[in-house]
Amino acid sequence: MTDPSEKPSHFIRDMIAADLAAGKHTAVKTRFPPEPNGYLHIGHAKSICLNFGMALEFGGACNLRYDDTNPVKEDREYVDAIAEDVRWLGFSWPGEPCYASDYFEKMYAFAVELIEKDLAYVCTLTPEEFKDYRGVPTRPGKESPHRSRPTAENLDLFARMRAGEFPDGAYVLRAKIDMASPNLHLRDPAIYRIRHAAHHRTGDTWCLYPIYDFAHCLEDAIEGITHSLCTLEFEVHRPLYDWILQNVTLPKPLPEQTEFARLNITYTVMSKRKLLTLVQENHVSGWDDPRMPTLTGMRRRGFTPAAIRTFCERVGITKFNSLTDYALLEFCVREDLNKTAERRMAVLNPLKVVIENYPEDAEETFEAVNNPEDETAGTRQVPFSRELYIERDDFMEDPPKKFFRLGPGREVRLRAACYITCTGVVKDEQGDVTELRCTWDPESRGGGTPDGRKVKGTLHWVSAKHGLKAEVRLYDRLFTEPEPDGVDGKDFRDFLNLDSLQVVTGCVEPSLAEFAPGAPVQFERIGYFTPDPDSRPDAPVFNRTATLRDGWKGK
RNA sequence: UGCCGAAUGGUGUAACGGUAGCACAACGGACUCUGACUCCGUUUGUCUAGGUUCGAAUCCUAGUUCGGCAACCA
């Protein structure tokens, strides 16, 4: 899929194609500019797929750039995790990642240029005064008394700000634009603030840091970005983005900012702040908790890069604030995993079955297909013996007509093995079923019989003697509300799903011990799983990625 | 009551003045050694009101609704 015409169009793809066709640019250059203050989530994946995707599609390049202009919030830990996540998603960037902090010296020079052009001034209003002077949307602001400070004095003060002569917050550099603008961002916005804080890369070199609006457009220009794609909340910043670029000396063409709607998915939250809260308050085990919408969490959960990329493509790119159904994400993983995951059998809620007419000490193996969707996946041998486990849900003592599974006197097929008929039910004092007595038909070895009789149900099973005990972590949506952060007067934590994690001990096919964390597997008739990093061959742990679709649902 | 932006089935998206299409979801059916997969079918839509036009989801006007913006955050 390298031909853009094969994909459904969206306005950004159309715009880039038009820009290229018009000769506005000779090559496309985009960037993905995360701030290293948290882990990447599925919302970032949309942006990553867009930015890297457009570059790939049009034969250009996309930079990974850390927008690290605020040392108090950023950390090295995040830098490494972000690069790993982008790579995992399947994208690469030219050379080393870029850092806004690499441009601090250049940015400083651009700030000096603005001062020299009388387009910036040092202001000593306190933050409270600053806010007061800015005014409100419906009323113009008023000009700072320092607005007319002479250029030489501005230059001197700005140099002394850099030299560390003043404490945090004492002075700020402001762009001189228009205090009466209906756009608040144009009312002489602050562009540099004093922060005596160690930066994760530049250390103590600086105590003066540029603010986003000033820094970001310059980062784009310095890197020769042609299309600066960001989310809708920056739409009102665009006039300032353009103003900065137009008022300093820069080669043309200048980068242009285009905004698109961020991703929202039902039953989850998508802000770094809220995700951080979940981590800090221990509602989840960490950023990589499989219930988190973070890429690291989804990876641990068993989501594949291909599934996430397909999802991002299907969600589309628009300027409309939408809420995408989690079911679409689930569909995308199932679609991918159905083709790639090997099948195995695992019983999550075991019910013992004794095959009365099967010799006590005998055992044999049956050949099972690893993946019906992929012949090259081959087959495996599955051990069978007199005592087995089946799923408790696959038996009903008094089943309704439409129940295809096991019941007294009923015959079913054991997947890849043989037919069995239930001949007796053993119960404990409470009357709960503890064991099933069955007989098998040796003629049905392999799953069919010479007389050609049909059975409606096929059950998965595990030989009691050969099966491995495994911890299985069943994950469900983290929230009970489709829009946990969209309910008036309620906090998103009010909607945490207390049953989002259920841990069971299952009995699994021996061959499952060989699976490595991240490797996808389908437990037949149950769902898609992957071993957790906690998993060990002698103590396997599986995370449920997604259930299988269930067309029966117990009706 | 300021500015910016957006409105197409339950959800997400396409159409670029010429038959409103696709996907997810839901429902029904076929197939089936996974009640999976696959296949077939059904239901549901252009925010409202005017206007331009042979013809409007698309262009114009007015309105309605929703989202964003008042960190020395990004």
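Residue numbers start from 1 in every chain, and the chains themselves are labelled A, B, ... in the order their sequence lines are given, proteins ahead of strands.
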Pairs involving residues 168-179 of chain A, ordered by first then second residue, that meet side-chain hydrogen bond (donor to acceptor under 3.5 Å, both in side chains) (sequence neighbours left out)
A/D118-A/K176

Would you kindly compare A/A327 and A/D394 by the position of their nearest RNA chain B nucleotide and give the one closer to the 5′ end?
A/A327

Glycosidic conformation of B/A71, syn or anti, with 90° from 0 as the boundary?
syn

A/M179 CE - B/C3 P separation (whole Å)
18 Å

Which nucleotide in the list B/C3, B/G35, B/G5 gets nearest to the side chain of A/P182?
B/C3

A/R477 has an atom CZ; how far is it from atom P of B/A25, in whole Å?
13 Å

Can you tell me how far C1' of B/G35 sits from CZ of A/R334, to the nearest Å?
14 Å

Determine the contact category for A/S181: base if any of its heavy atoms lies under 4.0 Å from a base atom, sugar-phosphate if only primed atoms, P, OP1 or OP2 are that close, otherwise nothing.
nothing

B/C22: pairing nucleotide in any strand, Watson-Crick or G-U under 3.5 angstrom:
B/G12

Once each nucleotide of nucleotides 69-74 of chain B is scored for protein heavy atoms under 4.0 Å, what B/S/- sequence comes out, 5' to 3'?
SBSBBB

Value in whole Å for how far the C1' atom of B/G67 lies from CG of A/D488:
14 Å

Would you say the ring centroid of A/F384 lies under 6.0 angstrom from that of A/F366?
yes

I need the CH2-C1' distance between A/W552 and B/U34, as an integer number of Å.
15 Å

Contacts of A/Y419 meeting side chain to side chain donor-acceptor pair (under 3.5 Å) (sequence neighbours excluded), chain-then-number -> A/R413

Is there a Watson-Crick or G-U wobble partner for B/G2 with both distances under 3.5 Å, and if so, which one is it?
B/C69

Answer with base, sugar-phosphate or nothing: what part of the nucleic acid does A/L323 contact at a heavy-atom distance below 4.0 Å?
sugar-phosphate

Plane angle bin for A/Y192 and A/F158 - parallel if under 30°, tilted between 30 and 60°, otherwise perpendicular:
perpendicular

The criterion is salt bridge (charged side-chain N to carboxylate O under 4.0 Å, His left out); which residues satisfy it with A/E233, sequence neighbours excluded?
A/R262

Looking at A/R549, does any N or O in its side chain come under 4.0 Å of the phosphate oxygens OP1/OP2 on B/G35?
no

Taken to the nearest whole Å, CD1/A/I526 to C1'/B/C37 is 17 Å

A/Y241/A/Y212 under ring pair (Phe, Tyr, Trp, His ring centres under 6.0 Å): CA gap, chis, key distance, verdict:
CA-CA 10 Å; A/Y241 181 102; A/Y212 171 85; 8.5 Å; no

Watson-Crick or G-U counterpart of B/U38, or none if no pair lies under 3.5 Å
B/A30

Spacing between A/L232 atom CG and B/C66 atom C1', to the nearest angstrom
12 Å

As a quick check of understanding, evaluate ring pair (Phe, Tyr, Trp, His ring centres under 6.0 Å) for A/F523 and A/F529, giving each step before the final call.
CA-CA 7 Å; A/F523 289 174; A/F529 293 77; 4.1 Å; yes

Sugar-phosphate or base contact per nucleotide [nucleotides 16-23 of chain B; S, B, -; heavy atom under 4.0 Å]:
B-------

Determine whether the side chains of A/S181 and A/R187 contain a donor N or O and an acceptor N or O closer than 3.5 Å.
no

Classify A/P372 by what it touches in the nucleic acid, base, sugar-phosphate, or nothing, heavy-atom distance under 4.0 Å.
base

For a side chain to side chain contact (heavy atoms under 4.5 Å, CB included) with A/F303, tell me which candidate from A/L329, A/T530, A/I42 qualifies.
A/L329

Stepwise salt bridge (Lys or Arg N to Asp or Glu O under 4.0 Å) check, A/E330 with A/R549
CA-CA 10 Å; A/E330 257 188 331; A/R549 274 190 76 209; over 6 Å; no

Pick base, sugar-phosphate or nothing for A/Q522, based on heavy-atom distances below 4.0 Å to the nucleic acid.
base

Just the rounded figure in Å: distance from C1' of B/C4 to CZ of A/R238.
9 Å

Pairing check on B/U48: which nucleotide meets the Watson-Crick or G-U wobble criteria with it, both distances under 3.5 Å?
B/A62

If the cut-off is 4.0 Å, is A/T324 near the phosphate of B/U11, judged by side-chain N/O to OP1 or OP2?
no

Residue list, salt bridge (charged side-chain N to carboxylate O under 4.0 Å, His left out) with A/K272, at least two apart or on another chain:
none

Of the candidate nucleotides B/G12, B/G35, B/A6, which contains the atom at the shortest distance from the side chain of A/T458?
B/G35

